[in-house]
Asks: 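After the structure tokens below, expect a handful of questions from me.
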Amino acid sequence: MASNLPGSVRQFGVAIRALLVFTVALGIIYPLVMTGAAQALFHGNANGSIVKVNGKDVASDLIGQTYGKQWFQTRPSAVDYNAMGSAASQYGPNSPELVKLIDQRRQEVAELNGVDPSQVPPDAVTASGSGLDPDISPAYAAIQVDRVARERGLSVAEVQKLVKENTKGRTLGFLGEPRVNVVTLNNALAAL
Amino acid sequence: MSDTAAGLLQVGLLVALLAAAYRPFGGYMARVYSSGKDLRIERGAYKLFGVDPKADQTWAVYARSLIAFSAISVVLLYLLQRLQHYLPLSLGLPSVPSGLAWNTAASFVSNTNWQSYSPEQTMGHLVQFAGLAVQNFLSAAVGIVVAIAVIRGFARSKTDRLGNFWVDLTRTTLRILLPIAVVGTLVLVAMGVVQNFSGGHEVTSVVGQTQTIPGGPVASQEIIKELGTNGGGYYNANSGHPFENPNPLSNLFEIFLLLVIPVALTRTFGLMIKDKRQGYAILGVMGTIWAAFTFAATFFETQGAGTATQAAGAAMEGKETRFGEWASALFASSTTGTSTGAVNSAHDSFTPLGGGTALFHMMLGEVSPGGTGTGLYGMLVLAVLTVFVAGLMVGRTPEYLKKKITAREMKLVSLYILTTPTLVLAGASIAMGLAVARASIFNTDSPHGFSEVLYAFTSAGNNNGSAFGGISANIPFYNTALGLVMLLGRFVPMVLVLALAGSFAQQQPVPITQGTLPTHKALFVTMLIGVVLIVTGLTYFPALTLGPLAEGL
């Protein structure tokens, strides 16, 4: 092994120099150039798709928030929509705590919206993967329309129109799932 | 359109995109490694490194270069984290504690990207883009160059030279990974992924609540995180975070990225050994297994077993509305089959057998289609084993791609195959024997708790990096043990497979006779699938019965 030693030492010297060169290229130049290009080409997206209502930054239209009973509700969140700490609940599929939470949420959602507990869809009683999901299913939006219209003194038709405007189908007709963006929907309500 | 029809079209589009990329991209990679010409920028780099690009290395020198480079990488990444509080763009975050910094350095250099920390609260921008993202490129490249050296072992004869590590590493980075990353970053930003250096942007919602919107150069890291089968999220929620994966189209793009190199490398392999049919056979095995696991994961998630799942009415706990069950299951099977470990949903909350499918998929050794490079050489090792088993059955000296499989080769193959299961099962057993390690389990009420520990060691040993995220892994035991398992699970097999390649390269090709087992036909493909499932299945079956099977059946 002694005869290998100088070779091994030399390899370490090469390794250090190579790593430094790659760190400058991939760790400094690359992210700086990409950030410059992204900022120039897609300014809004690159900065978090921030949306304004009445001239003020109110949200990112990709990040969910919590709302009171005059508004459409987002899904339950393991982090209460703290955008600086995304997380899922990590409850297992047979977790008794999760069963309890789901039963409780089902009662609350049914009561708030004046519907039968069996009408409450799965996304209304489960926490998302990020804890920041801005979307709900069209079914969950549908059971909230009457309440929001009543609370805000709007007609059901007006609210339904806004829901429709903030609903997306599957991308290209088959990718992902249909969904309603609660953030943009509530912003539209606020802007009325 | 029904859910099933839409879901099948989604899988179909993914397969079509991979098929379209297969020939041009596989051919391009073959040319990158066969070309005798260096680009001017590469010549400049070799001068800075102090290497002669024309000097081919033996397998041992190739391995030593690789180990030296990876060891230095661990040291630098460790130091960057420890010194974070002195560095700019660190968002006021403190120095990363030593145990965690060790674990993370081992994790990113071994292409695992296991994260026992929450990035938003631990890693500032600088450590992420100048440290973690750099290893996302380089660890991916290291995996690929080993596969290329192994291919040369089969392609060459009567030589002890396998190529030059530094040349292969530089070409992989500059000619393959970086160009795709540059274009892909902009594609991701166009879809909504963020790319900035903001420390957080405060907004006040329409109900008057304040919320801080996080920033970061996310797209430039997300692209290489997927393309290099790394998987370490810029944010804790990984590809479930709306800023990493904003919509169903970005989701499909990311799944495509994590599959494209491992898939196309089978073409590169076929071209470089001058027998494309061998590449198709290997791809056939990989694709069949991936398809089966994708089907299983989707089936179990849409069936929705589990008391909590049934109370909710669907397996939506831990899943994003925009992805739902199909796009989450497709991501899960692809990320666990490629050693990526990125997740767009919480695997811990998957149905018992859906989560079990993800766990078992990693246990196959990450060969369907596996990580960048690691998937190909992992499958080639299993192909050698298959030829050997077949040879035993008919009493002939086994050979694969005109190379004889002798006692020396079989010793290396056996050691290779034993390494990872030993690390995984010994690690999980020790953890279950320690009260301090058991205390980290989150779902303590069922066999699911054991699954969390088994998943952690399986993920580390196979360099995947995904988790049953409930486990509190940021304690000294897991940081130390998983760090060791990740490095050993990465570099021991690499050295063994390079030794195997060195051994093959020295042989003279044996002529194909009537007694040679054709290794490009359906019979061999079937046998190889059988070997993959039986060898790994039997190794892990007892452990699986204690976890997901006990919970799900």
Side-chain angles (χ1 to χ4, degrees), chain A residues 8 11-12 14-19 21 23 26-27 31 34-35 38 42 45-49 53 57-60 62-63 65 67-68 83-88 90-96 98-99 102 122-123 125-126 128-130 132-133 135-136 170-171 174-177 179 186-187 190, chain B residues 6 9-10 48-51 64-65 68-69 72 120 129-130 134 137 185 189-190 192 194-196 203 205-207 211-214 217 220 235-237 240-242 246 248-249 306-309 311-314 316-322 324 327 345-346 348 351-352 443 446 448 469-470:
Chain A
S8 301
Q11 294 296 353
F12 272 98
V14 175
I16 291 169
R17 289 191 294 274
L19 184 59
V21 170
T23 298
L26 306 170
M34 294 324 297
T35 306
F42 308 102
N45 284 0
N47 291 311
S49 310
V53 172
D57 291 353
V58 295
S60 158
L62 294 173
I63 305 279
Q65 298 180 330
Y67 298 95
M84 294 306 278
S86 61
Q90 307 293 354
Y91 282 121
N94 287 306
S95 162
L98 181 56
V99 173
I102 287 171
D123 60 304
V125 294
T126 49
S128 62
S130 63
L132 305 175
D133 196 342
D135 299 319
I136 56 176
R170 291 189 169 108
T171 311
F174 59 89
L175 292 178
E177 299 294 333
R179 59 209 185 272
N186 282 339
N187 288 347
Chain B
L9 277 172
Q10 181 162 248
L48 286 172
F49 301 173
V51 295
R64 271 209 298 275
S65 304
F69 185 68
I72 292 294
E120 289 97 322
F129 71 74
V134 171
F137 279 97
T185 298
V189 179
V194 299
Q195 179 75 23
N196 60 59
V203 297
S205 77
V206 290
V207 294
Q211 188 184 36
T212 308
I213 305 296
S220 59
Y235 302 118
N236 189 43
H241 196 293
L249 195 60
T307 50
T309 319
M316 282 304 286
E317 182 71 25
K319 290 192 181 69
E320 299 284 294
T321 310
R322 60 193 181 282
S345 47
D348 213 348
T351 60
N443 286 286
S446 66
H448 202 79

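Order of the sequence lines fixes the chain letters, A, B, ..., with proteins taken first and strands second; residue numbering starts at 1 for each chain.
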Asks: Are any side-chain N or O atoms of A:Asp57 and backbone N or O atoms of B:Val203, one a donor and one an acceptor, separated by less than 3.5 Å?
Replies: no
Asks: With a 4.5 Å cut-off on side-chain heavy atoms, are A:Ile63 and B:Gln211 touching?
Replies: yes
Asks: Look at B:Gly469, B:Pro352, B:Gly313 and state which one has the largest set of heavy-atom pairs under 4.5 Å with chain A.
Replies: B:Gly469
Asks: Is it the side chain or the backbone of B:His241 that comes within 4.5 Å of chain A heavy atoms, both, or neither?
Replies: both
Asks: Donor-acceptor pair, B:Asn236 side chain versus A:Ser86 backbone, under 3.5 Å?
Replies: yes
Asks: Side chain from CB out, backbone as N, CA, C, O: work out which of these in B:Val51 comes under 4.5 Å of a heavy atom of chain A, or both, or neither.
Replies: side chain
Asks: Given a strict heavy-atom distance threshold of 4.5 Å, which part of B:Asn196 is in contact with chain A: side chain, backbone, both, or neither?
Replies: both
Asks: So, for B:Val207 and A:Gly68, which heavy atoms are closest and what is the spacing to 0.1 Å?
Replies: CG1-N, 4.4 Å
Asks: Using a cut-off of under 4.5 Å for heavy-atom pairs, which of B:Ser446, B:Gly324, B:Gly240, B:Pro214 has the most such pairs with chain A?
Replies: B:Pro214
Asks: Please round to the nearest 0.5 Å and tell me the distance separating atom CD of B:Glu317 and atom CD of A:Gln90.
Replies: 9.5 Å
Asks: Determine the minimum heavy-atom distance between A:Asn45 and B:Ala190, stating which atoms define it.
Replies: ND2-O, 3.1 Å
Asks: Report yes if some heavy atom in the side chain of B:Lys319 is under 4.5 Å from a heavy atom in the side chain of A:Pro122; otherwise report no.
Replies: no
Asks: From A:Leu132 CG over to B:Tyr235 OH, what is the distance, rounded to the nearest 0.5 angstrom?
Replies: 10.0 Å
Asks: Is it the side chain or the backbone of A:Ile136 that comes within 4.5 Å of chain B heavy atoms, both, or neither?
Replies: backbone
Asks: Where does A:Leu175 contact chain B at under 4.5 Å (heavy atoms): side chain, backbone, both or neither?
Replies: both
Asks: Could you measure the distance from the CD1 atom of B:Ile213 to the CD atom of A:Gln65? Nearest 0.5 Å is fine.
Replies: 6.5 Å
Asks: Among A:Asn186, A:Val21, A:Asp123, which residue has the highest count of heavy-atom pairs closer than 4.5 Å to chain B?
Replies: A:Val21
Asks: If you apply the rule side-chain contact (heavy atoms from CB on, under 4.5 Å), what do you find for B:Glu320 with A:Asp133, and how did you get there?
Replies: CA-CA 6 Å; B:Glu320 299 284 294; A:Asp133 196 342; 3.8 Å; yes
Asks: Which heavy-atom pair separates B:Thr321 from A:Asp135 by the least distance, and what is that distance?
Replies: OG1-O, 3.0 Å
Asks: I need the A:Leu62 CG to B:Arg322 CZ distance, nearest 0.5 Å.
Replies: 8.0 Å
Asks: So which of B:Ser345, B:Gly470, B:Ala308 has the biggest tally of heavy-atom pairs under 4.5 Å with chain A?
Replies: B:Ala308
Asks: Return the minimal non-hydrogen interatomic distance between B:Ala130 and A:Thr23, and the atom names on each side.
Replies: O-CG2, 3.7 Å
Asks: Just so I understand: if I count every heavy-atom pair under 4.5 Å between each of B:Leu249, B:Asn443, B:Val134, B:Thr185 and chain A, which residue has the most?
Replies: B:Asn443
Asks: Examine distances only and state if a side-chain atom of A:Asn94 and a backbone atom of B:Thr307 form a donor-acceptor pair shorter than 3.5 Å.
Replies: yes
Asks: Got a second to check how far B:Phe49's CZ is from A:Leu19's CG, nearest 0.5 Å?
Replies: 9.5 Å
Asks: I'd like to know which of B:Ala314, B:Ala327, B:Ser220 tops the heavy-atom pair count under 4.5 Å against chain A.
Replies: B:Ser220
Asks: May I ask you to name which of B:Thr309, B:Thr351, B:Leu9 has the most heavy-atom pairs under 4.5 Å with chain A?
Replies: B:Leu9
Asks: For A:Ala88, which atoms come within 4.5 Å of any heavy atom of chain B: side chain, backbone, both, or neither?
Replies: side chain
Asks: Which heavy atom of A:Ser130 sits nearest a heavy atom of B:Ala237, and at what distance?
Replies: CA-CB, 3.5 Å
Asks: Does any heavy atom of chain B fall under 4.5 Å from the side chain of A:Val14, the backbone, both, or neither of them?
Replies: both
Asks: Which heavy-atom pair separates A:Asn47 from B:Val194 by the least distance, and what is that distance?
Replies: C-CG1, 4.4 Å
